[in-house]
Visitor: 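Dropping the structure in here first, questions after.
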Amino acid sequence: MVKKIISVVIATLLGLILIGNIYGLVQRKTGQTAFPMFLGFGKAIVVSGSMAPAIKVNDIVIVHQVPQATYKKGDIVTYQSPGYPVTHRIQAIAGDTVIAKGDANDAADQPIKTRDIYGKVVLTLPKIGYLLRWLQEPLGLVVLVAGLIAIWEGDKWLTLPREKSKKSR
């Protein structure tokens with residue numbers, strides 16, 4: 001029973017990762033957004049040390065869309081920057097203008113508008129970026145799909161002989 005629950009949980013997580021990766025890929029390739037949000041959540045792999053030591057290179061940040069009026073000084077947010085999303089801490093807010101800065105940076109970023117903020121960082125997953133980058137590659141997606149199939153079908157194949165032997169007793 002416990003093994004069944006674990007396999008369902010793992011398969012569900014892998015399925016959500018697969019769906020999220022496909023959704024993000026379609027959103028980026030069709031030019032709809034540079035930062036796809038799936039069910040109000042988005043993810044980013046940190047590529048610079050500008051937020052060290054709080055957030056390090058290859059950490060994953062999970063970003064949640066929140067109402068613009070709820071941002072406050074000290075929040076770590078991901079926002080639209082020319083070319084790529086940036087994750088930095090809010091230093092000041094004046095109306096709809098926000099000043100953000102990376103913890104490890106000497107200077108603040110150019111002012112942004114609250115409408116340019118994708119969302120607030122709600123979770124940091126250390127070093128998971130290595131795995132997620134690989135899962136976004138074609139080989140990684142094939143392994144992910146094969147893993148899902150192995151979990152679902154493998155569980156059936158492993159339990160099938162036991163059920164037959166129970167019936168013959």
Visitor: Considering only distance and modelled atom types, tabulate donor-acceptor pairs under 3.5 Å from the side chains of residues 111-124, sequence neighbours left out.
Guide:
unit_1	atom_1	unit_2	atom_2	d
K113	NZ	T97	OG1	3.2
T114	OG1	Q68	OE1	3.3
D116	OD2	K113	N	3.4

Visitor: Linking Ile, Leu, Val, Met, Phe, Trp and Tyr through side-chain heavy atoms less than 4.5 Å apart, which residues share a cluster with V47?
Guide: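 None, because no other hydrophobic side chain comes under 4.5 Å of this residue.
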Visitor: Nearest 0.5 Å, what's the CD1-CD1 distance between I55 and I60?
Guide: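 Spacing of CD1 (I55) from CD1 (I60) equals 11.0 Å.
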Visitor: Identify all side-chain donor-acceptor contacts of residues 82-95 below 3.5 Å with residues at least two apart in sequence or on another chain.
Guide:
unit_1	atom_1	unit_2	atom_2	d
T87	OG1	T78	OG1	2.7
H88	ND1	G102	N	3.4
H88	ND1	D109	OD1	3.3
H88	ND1	D109	OD2	2.5
H88	NE2	S50	OG	2.9
R89	NE	D103	OD1	2.9
R89	NE	D103	OD2	3.4
R89	NH1	G74	O	3.1
R89	NH2	D103	OD2	2.8

Visitor: Quick one: do M37 and V61 end up in the same hydrophobic cluster if we chain Ile, Leu, Val, Met, Phe, Trp and Tyr together by side-chain heavy atoms under 4.5 Å apart?
Guide: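 Yes, same cluster.
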Visitor: Are V57 and M51 linked, directly or through intermediate hydrophobic residues, by side-chain heavy-atom contacts shorter than 4.5 Å (ILVMFWY only)?
Guide: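 No, because M51 and V57 fall into different hydrophobic clusters, even though each may have its own neighbours under 4.5 Å.
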Visitor: Shortest non-hydrogen contact from A104 to G49?
Guide: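 Nearest pair, atom of A104 first, then G49: CB-O, 3.5 Å.
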Visitor: Minimum heavy-atom separation for N105 and K101, please, with both atom names.
Guide: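 N105 and K101 have their closest heavy atoms at O-NZ, 2.7 Å.
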Visitor: So for atom NZ, which belongs to K127, do other residues, nucleotides or ligands contribute more than 12 heavy atoms lying within a distance under 6.0 Å?
Guide: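 Yes, NZ of K127 has more than 12 neighbouring heavy atoms, counting only those of other groups under 6.0 Å.
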Visitor: With a 4.5 Å limit on heavy-atom distance, are the side chains of F38 and I19 in contact?
Guide: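 Heavy-atom side-chain distance check passes, below 4.5 Å.
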Visitor: Looking at every heavy atom in both A108 and I99, which two are closest together, and how far apart are they?
Guide: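 The answer is CB-CG2, 3.7 Å.
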Visitor: Distance from K72 atom NZ to T70 atom OG1, nearest 0.5 Å?
Guide: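 Result: 7.5 Å between the selected atoms.
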